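Here the structure comes first, spelled out in structure tokens, and everything after it is commentary.
No experiment lies behind these values; they were computed from the predicted model shown. Quick note: residue numbers are just sequence positions, from 1.
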Amino acid sequence: MATPCRLRLLLVLLAAVAVAASHPAHEFCAAAGGGGGGAGGCGGGGDGTRILIKGGTVVNAHRAEEADVYIEDGVVVAVRPNIPVGDDNVRVIDATGKYVMPGGIDPHTHLEMEFMGTVTIDDFYSGHAAALAGGTTMHIDFVIPVNGNLTAGLESYKHKAEKAAMDYGFHMAITKWNDEVSREMEVMVKEHGINSFKFFMAYKGSLMVTDDLLLQGLQKCKSLGALAMVHAENGDAVAEGQQRMIDLGITGPEGKVVMSQLSFSSFLQLEGEATSRAIRLAKFVNTPLYVVHVMSTDAMEEIAKAKREGQRVIGEPVVSGLVLDDSWLWDPDFATASKYVMSPPIREAGHNKALQAALSSGILQLVGTDHCTFNSTQKAFGSDDFRKIPNGVNGKP
């Protein structure tokens with residue numbers, strides 16, 4: 001039996017990832033398979049429309065308890081101990097000694113995303129297959145506009161999602177600002193049900209919006225009752241730091257670490273500074289704010305301060321930031337080290353533990369993967385360095 005601390009880990013949205021790493025696969029019941037046959041030795045029988053999962057440890061947001069779960073036509077009807085089986089046409093799954101939990105929701109993915117001359121390798125089928133294998137049954141992807149056009153971007157992503165194997169939803173990125181974008185935001189909310197919009201404070205020359213445009217975007221989100229999201233880094237300072245790394249001849253993945261450590265760059269503070277700036281702009285407008293992929297204690301502390309003052313701020317760490325540190329970027333094998341390049345970067349040891357504590361205490365609210373994998377830097381960009389790659393590859397392990 002897991003300790004109470006381990007059970008609490010299951011409460012995060014993507015807990016299946018963390019739990020799978022610390023528990024053997026045979027401790028989990030493969031209950032998702034339909035029909036009879038007892039997948040994974042968990043039991044079988046019935047016509048698949050009525051299922052009773054017996055004797056497992058049911059993990060929900062409020063508690064973990066030993067209970068049965070009864071399902072009819074895909075809907076959970078009852079969760080309580082010792083549910084009787086009064087019909088032979090019920091498929092019974094023995095979950096004794098196993099965890100039973102709702103499917104995870106990943107709020108932050110980038111499937112089949114076109115970016116800087118390449119495209120992420122997972123599409124809406126391969127990404128879904130991987131997610132389902134780990135217990136994630138829904139995700140929310142970011143639509144990237146086509147030349148700033150939101151409607152064209154949405155149509156593109158609808159086409160990409162035709163091969164989907166599980167439930168999904170969409171956020172919308174805002175990569176420029178004008179009256180047409182403002183009008184299209186209203187269309188997205190009222191006609192397409194997209195009510196969360198992401199603004200990039202990084203990727204200068206590509207996706208980045210300036211403060212004046214961010215302010216207008218926040219005001220539009222408020223008027224629509226939509227949720228504003230930010231990728232919080234100081235894009236101007238990051239670009240300057242990158243150029244300094246190139247001037248020093250540091251063009252490999254380790255450049256992310258060096259930028260964080262050299263005093264002239266203060267790269268670590270750039271995430272905290274941008275997080276603080278976004279929070280203050282949102283406070284000025286009086287609208288809620290969602291900060292994606294919180295990777296450092298600097299950013300986390302800005303969120304904690306705002307929440308203490310009563311501001312509505314949601315902080316989202318990602319799995320890589322919770323469990324990894326920047327030592328991977330020093331791997332002598334370029335192909336290995338490049339897999340850990342992302343923006344904001346993975347931090348030195350200690351930040352991950354602090355983010356875990358913030359998640360456990362409620363300072364940070366939910367976990368995403370920011371699944372945004374590129375094949376490899378060398379293949380995608382035809383180069384063995386980062387000279388042509390603003391902000392690195394953004395490739396998440």
Side-chain angles (χ1 to χ4, degrees), residues 9-21 28-34 39 48-49 51 53 56 58-62 64 69 71-77 79 93 99-113 120-144 153-154 156-173 188-189 192-198 226-227 229 290-294 314-322 359 364-373 396:
L9 287 175
L10 300 175
L11 304 183
V12 300
L13 290 174
L14 299 178
V17 176
V19 175
F28 293 88
C29 188
T49 61
I51 300 172
I53 304 173
V58 176
V59 182
N60 278 313
H62 58 298
V69 180
I71 304 161
E72 285 188 357
D73 297 322
V75 177
V76 175
V77 176
V79 179
I93 298 172
Y99 291 115
V100 181
M101 66 190 80
I105 301 174
D106 187 344
H108 189 155
T109 62
H110 296 280
L111 298 181
E112 206 172 333
M113 182 185 78
T120 54
I121 60 173
D122 275 324
D123 60 22
F124 277 78
Y125 181 78
S126 63
H128 285 185
L132 289 167
T136 297
T137 57
M138 187 211 172
H139 74 111
I140 311 177
D141 208 82
F142 286 88
V143 172
I144 305 299
L154 179 59
S156 173
Y157 272 75
K158 284 182 177 179
H159 176 70
K160 294 175 182 180
E162 288 176 356
K163 59 178 78 72
M166 71 184 206
D167 292 340
Y168 64 90
F170 289 131
H171 305 293
M172 177 66 70
M188 291 299 121
V189 171
H192 299 287
I194 297 176
N195 60 356
S196 45
F197 298 91
K198 180 180 179 181
L227 179 63
M229 313 172 79
Y290 182 125
V291 183
V292 304
H293 47 51
V294 177
I314 299 168
E316 172 211 273
V318 293
V319 175
S320 52
L322 290 168
L359 181 64
L364 303 177
Q365 282 72 51
L366 68 167
V367 179
T369 61
D370 194 4
H371 186 72
C372 187
T373 50
K396 279 69 178 177

Requested in this report: Would you tell me whether D106 and H371 have side-chain atoms, one donor and one acceptor, within less than 3.5 Å of each other?
Outcome: no
Report summary line: Value for CE (M188) from CG (L154), rounded to nearest 0.5 Å, stands at 5.0 Å
Query raised in the report: Side-chain contact, heavy-atom cut-off 4.5 Å: V319 with V367?
Result: yes
Query raised in the report: Taking all atoms of both residues into account, what is the closest heavy-atom pair of P107 and E316, and its distance?
Result: CG-OE1, 4.1 Å
**Report entry** Distance (rounded to the nearest 0.5 Å) between H128 NE2 and Y168 OH
**Finding:** 8.0 Å
Query raised in the report: If you measure from CG on L111 to CG on D122, what distance do you get to the nearest 0.5 Å?
Result: 6.5 Å
Query raised in the report: Between atom CD1 of I140 and atom CD1 of I105, what is the distance when rounded to the nearest 0.5 Å?
Result: 7.0 Å
Report summary line: Test side chain to side chain contact (heavy atoms under 4.5 Å, CB included), reference F142, set M172, M113, H108, output is H108
Report task. Report the distance from atom CG of L322 to atom CG of L359, rounding to the nearest 0.5 Å. Result -> 6.0 Å
Report summary line: Minimal heavy-atom distance between P102 and N60, with the atoms involved, is CG-OD1, 3.6 Å
Query raised in the report: Quick check: does any side chain N or O of K160 sit under 3.5 Å from a backbone N or O of E112, one acting as donor and the other as acceptor?
Result: yes
Query - Heavy-atom pair of closest approach, residues A173 and I144 - result: CB-CD1, 3.9 Å
Requested in this report: Could you walk me through whether V292 and D370 pass side-chain contact (heavy atoms from CB on, under 4.5 Å), step by step?
Outcome: CA-CA 9 Å; V292 304; D370 194 4; over 6 Å; no
Query raised in the report: Which atom pair, heavy atoms only, marks the closest approach of M166 to A131?
Result: CE-CB, 3.8 Å
Query raised in the report: Measuring from H171:NE2 to F197:CZ, what's the distance to the nearest 0.5 Å?
Result: 11.5 Å
Report summary line: Shortest non-hydrogen pair, V189 vs N195, comes out as CG2-CA, 4.1 Å
Query - Side-chain touch L366/I314, heavy atoms, less than 4.5 angstrom - result: yes
Report task. Specify the closest pair of heavy atoms between T137 and G103, including all atoms of both residues, with the distance to one decimal. Result -> OG1-CA, 3.4 Å
Report task. Tell me whether the centres of the aromatic rings in H139 and F124 are closer together than 6.0 Å. Result -> yes
Query raised in the report: Do T120 and H110 have side-chain atoms, one donor and one acceptor, less than 3.5 Å apart?
Result: no
